[in-house]
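Note on naming: letters A, B, ... go to the chains in the order of the sequence lines (proteins, then strands), and numbering restarts at 1 for each one.
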Amino acid sequence: MSQFKSEFLNIMVERGFYNQCTNESAFDDYLYECEKSGKPAVGYLGSDPTGDSLHVGHIVPLMMMRWFQKCGHKPLTLVGGATARIGDPSGKDKLRPFLDEDTLKHNIEGLKKSFSKFLKFGNSANDAVMVDNWDWFKDINYLAFLRDIGTYYSVNRMLTMDSVKSRLDREQPMSFLEFNYMLLQGYDFCELYQKYGCRAQIAGSDQWGNITSGTELGRRKYDVELFGFTSPIITDSNGKKMGKSEGNAVWINEDKLPSYDYYQYFRNIGDAEVGKCLRIYTDLPIDEIRRLEALRDQEINEAKKILAFEATKICRGEEEAKAAQETAIATFEKGLAGGDLPCLEKVSVEGLSMLDAFVELGFIASKGEGRRLVKQAGLKINDKVISDENYKFSSADLIDGQIKLSQGKKKHGLIKIA
RNA sequence: GGAGGGGUGGCAGAGCGGUCAAAUGCAACGGACUGUAAAUCCGUCGACUUCGGUCUACGAAAGUUCAAAUCUUUCCCCCUCCA
């Protein structure tokens, strides 16, 4: 009844992770053999440290790797210390600014943290391993590289690759530096094959060109079939990429985004996305997901709560997920002030300007914006709309030693007496 | 090296001496309707403000002018074509 022999591929299809594979049946055979023999298949996921945390948009391949590991296989997570110094031209119009050494180092630490939330690292057979391509690129000799690797690449072929072609079609400049990116990523794949016996690369579909660069190099240089496997780009109902909230990225790392906000991102997902998101962002069994996504109208909110909780649990841990959920329930369903809301601590609130407090909480960028919101009835104190833009707090506003501040319907925060 | 085109708000993109805090679109934000959804409608969208205004902004600096995003000069950056 299942489409594939291997557990991994079946899960990928069932949960909507499968977009494209370099050789579906051979990959299936390979995985199946590994699953049967108990000897893990090795696959890798690469990410360039151009930022200090991954965000929700990166979760898709991360979850693929998570399932890969759950099926008994070994994930390698590659941080592109070297490739980040080049810049992946895929989907870009411009050369990226160069990052200095300190930033790269900082970013690599951030990525490791992000990876470790989704994968188990360690020394067992199928534990994940972190690698950095800087290790093998830093001492490489240019001439040796050209002779060893360059001979296998045809410029004619490279020019047909989407990442290059689209740039040329749009008459955007592409530097020779960026043009080399796919060679590096191809080399990575082969290096991991040599070192770890890695035969698979898993990534988003925008990486297809870079992946086939690796599989082709593997075939030509080592006479081995390497596999590439990609996910579709996950978009919301408006066709926009997932992962932005209020124009800001939804970060994986907790130092970049509070768990409550992470939870709220999933809680506020559109109805049409619930099923898709449950499959992709949670570990819930597929039967349970089918039941939840069938819910309609009011009831689908239950599914969204489960989605938000489960997604937060994977990324931030069960404790954080619970706290976020409790805060959300208290705030939205009971109209109380939940404990996990953003909070200002004050010795006294007497005479404190309301606008200053909102600015300090980060809800508004300026007092001017606050004044506008007051005119539009967008600011509330203890759930009462404030119409005086110069409102000053007094101890009469305190309820149980705190004041609840709200901006719009969704942003809530507290002032507490320290 | 030569010739030409260009750098404007989060992005795209008008404006080309005053009426410009800068059209329009997208994004974003608030309100209404709902379900913390979508769609729709209305409104807002540089900062400060005692709501009269004040200040800072159209790559950077200098200049012309009563007045400059708009003209001049120099510089920086980007693109196209030629060598």
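- Within the nucleic acid shown, A/Q264 comes within 4.0 Å of at least one base atom, counting heavy atoms only.
- With sequence neighbours excluded, no residue forms a ring-ring contact (aromatic ring centres under 6.0 Å, His included) with A/Y260.
- B/C11 and B/G18 are spaced 26 Å apart, taking the P atom of each and rounding to whole Å.
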Distances under 3.5 Å between nitrogen or oxygen atoms of protein and nucleotides 43-46 of chain B:
| from | atom 1 | to | atom 2 | distance (Å) |
| --- | --- | --- | --- | --- |
| B/G43 | N2 | A/Q376 | OE1 | 3.0 |
| B/G43 | N3 | A/Q376 | OE1 | 3.1 |

Report each atom pair, protein N/O against N/O of nucleotides 32-35 of chain B, whose distance is under 3.5 angstrom.
| from | atom 1 | to | atom 2 | distance (Å) |
| --- | --- | --- | --- | --- |
| B/U34 | O4 | A/K409 | NZ | 2.9 |
| B/G35 | OP1 | A/Q298 | NE2 | 2.9 |
| B/G35 | O4' | A/Q298 | OE1 | 3.2 |
| B/G35 | O6 | A/D271 | OD2 | 3.2 |
| B/G35 | N1 | A/D271 | OD1 | 3.2 |
| B/G35 | N1 | A/D271 | OD2 | 2.6 |
| B/G35 | N2 | A/D271 | OD1 | 2.6 |
| B/G35 | N2 | A/K304 | NZ | 2.7 |
| B/G35 | N3 | A/N301 | ND2 | 3.4 |

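- Applying the side-chain contact (heavy atoms from CB on, under 4.5 Å) criterion to A/D148, with sequence neighbours excluded, gives A/K221.
- Within the structure, no pair that satisfies the ring-ring contact (aromatic ring centres under 6.0 Å, His included) test touches residues 342-385 of chain A, not counting sequence neighbours.
- Looking at residues two or more places apart in sequence or on another chain, you find a side-chain contact (heavy atoms from CB on, under 4.5 Å) between A/Y32 and A/K5, A/S6, A/K36.
- B/A68 and B/U19 have their P atoms separated by 10 Å, with the value rounded to a whole Å.
- A/E333 has its CD atom 13 Å from the P atom of B/A37, to the nearest Å.
- Taking atom CG on A/L341 and atom C1' on B/U36, their separation rounds to 13 Å, with Å as the unit.
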Please output the side-chain donor-acceptor pairs of residues 304-311 of chain A that fall under 3.5 Å, not counting sequence neighbours, one pair per line with the distance.
| from | atom 1 | to | atom 2 | distance (Å) |
| --- | --- | --- | --- | --- |
| A/K304 | NZ | A/I269 | O | 3.1 |
| A/K304 | NZ | A/D271 | OD1 | 2.7 |
| A/K305 | NZ | A/E302 | OE2 | 3.2 |
| A/K305 | NZ | A/E333 | OE2 | 2.8 |

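- With both ends at atom P, the span from B/U50 to B/U40 equals 38 Å, rounded to whole Å.
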Show the distances under 3.5 angstrom between N or O atoms of the protein and N or O atoms of nucleotides 50-54 of chain B.
| from | atom 1 | to | atom 2 | distance (Å) |
| --- | --- | --- | --- | --- |
| B/C51 | N4 | A/E389 | OE2 | 3.0 |

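- Only the P atoms considered, B/G30 is 39 Å distant from B/C79, to the nearest whole Å.
- Neither OP1 nor OP2 of B/C29 sits under 4.0 Å from any side-chain N or O of A/Q407.
- Here B/G52 is in the syn range [glycosidic angle within 90° of 0].
- Nucleotides B/U80 and B/C26, compared at atom P, are 30 Å apart to the nearest Å.
- Nucleotides B/U24 and B/G9 have their C1' atoms positioned 13 Å apart, rounded to a whole Å.
- The nearest heavy atom of RNA chain B to A/L373 and to A/L355 marks one nucleotide each, and the one closer to the 5' end goes with A/L373.
- Counting only Watson-Crick and G-U wobble pairs whose two key distances fall under 3.5 Å, RNA chain B forms stems of three or more stacked pairs at B:1-7 with B:76-82, B:10-12 with B:24-26, B:28-32 with B:40-44, B:46-48 with B:53-55, B:59-63 with B:71-75.
- With hydrogens and angles left out, the side-chain atoms of A/N133 and A/T83 include a donor and acceptor closer than 3.5 Å.
- The NE2-C1' distance, from A/H412 to B/U36, rounds to 8 Å in whole Å.
- One atom, CG of A/L295, and another, C1' of B/A37, lie 14 Å apart when rounded to the nearest Å.
- In terms of position along RNA chain B, the nucleotide closest to A/G378 lies nearer the 5' end than the nucleotide closest to the other residue of the pair A/K305 and A/G378.
- Distance CD1 (A/I386) to P (B/G30): 17 Å, rounded to an integer number of Å.
- Per the geometry, NZ belonging to A/K380 stands 11 Å off C1' belonging to B/G30, to the nearest Å.
- The salt bridge (Lys or Arg N to Asp or Glu O under 4.0 Å) pairs that include a residue from residues 372-388 of chain A are A/D383-A/K404, where partners are two or more places apart or lie in different chains.
- For the pair A/N268 CG and B/A39 P, the computed distance is 13 Å after rounding to whole Å.
- Using a 4.0 Å cut-off between charged nitrogen and carboxylate oxygen, A/K256 and A/D52 count as a salt-bridge pair.
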Show which side-chain atoms of residues 342-356 of chain A pair as donor or acceptor with protein atoms under 3.5 Å away, not counting sequence neighbours.
| from | atom 1 | to | atom 2 | distance (Å) |
| --- | --- | --- | --- | --- |
| A/K346 | NZ | A/E360 | OE1 | 3.1 |
| A/K346 | NZ | A/E360 | OE2 | 3.2 |
| A/S348 | OG | A/E350 | N | 3.0 |
| A/E350 | OE1 | A/S395 | N | 3.2 |
| A/E350 | OE1 | A/S395 | OG | 3.3 |
| A/S353 | OG | A/L355 | N | 3.3 |
| A/S353 | OG | A/D356 | N | 3.2 |
| A/D356 | OD1 | A/K367 | NZ | 3.4 |

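- Side chain of A/R66 to main chain of A/L119: no donor-acceptor pair is present (N/O by atom type, distance under 3.5 Å, no hydrogens or angles).
- With A/Y44 as the partner, the side-chain contact (heavy atoms from CB on, under 4.5 Å) test is satisfied by one option alone out of A/D188, A/V131, A/V129: A/D188.
- Using atom C1' as the reference point in both B/G5 and B/G10, the two lie 26 Å apart (nearest Å).
- Between A/Y187 and A/F137, the ring-plane angle classifies as tilted under the 30° and 60° cut-offs.
- Counting to the nearest Å, the C1' atom of B/A38 and the NZ atom of A/K410 are 11 Å from each other.
- The list of ring-ring contact (aromatic ring centres under 6.0 Å, His included) pairs with a residue in residues 311-346 of chain A, not counting sequence neighbours, reads A/F332-A/H412.
- In summary, A/K105 and A/D102 do not engage in a salt bridge, as defined by a charged side-chain N under 4.0 Å from a carboxylate O.
- Ring geometry, A/W251 versus A/H55: the interplanar angle exceeds 60°, so the pair is classed perpendicular (tilted spans 30 to 60°).
- One C1' atom belongs to B/G53, the other to B/U8, and the distance between them is 26 Å to the nearest Å.
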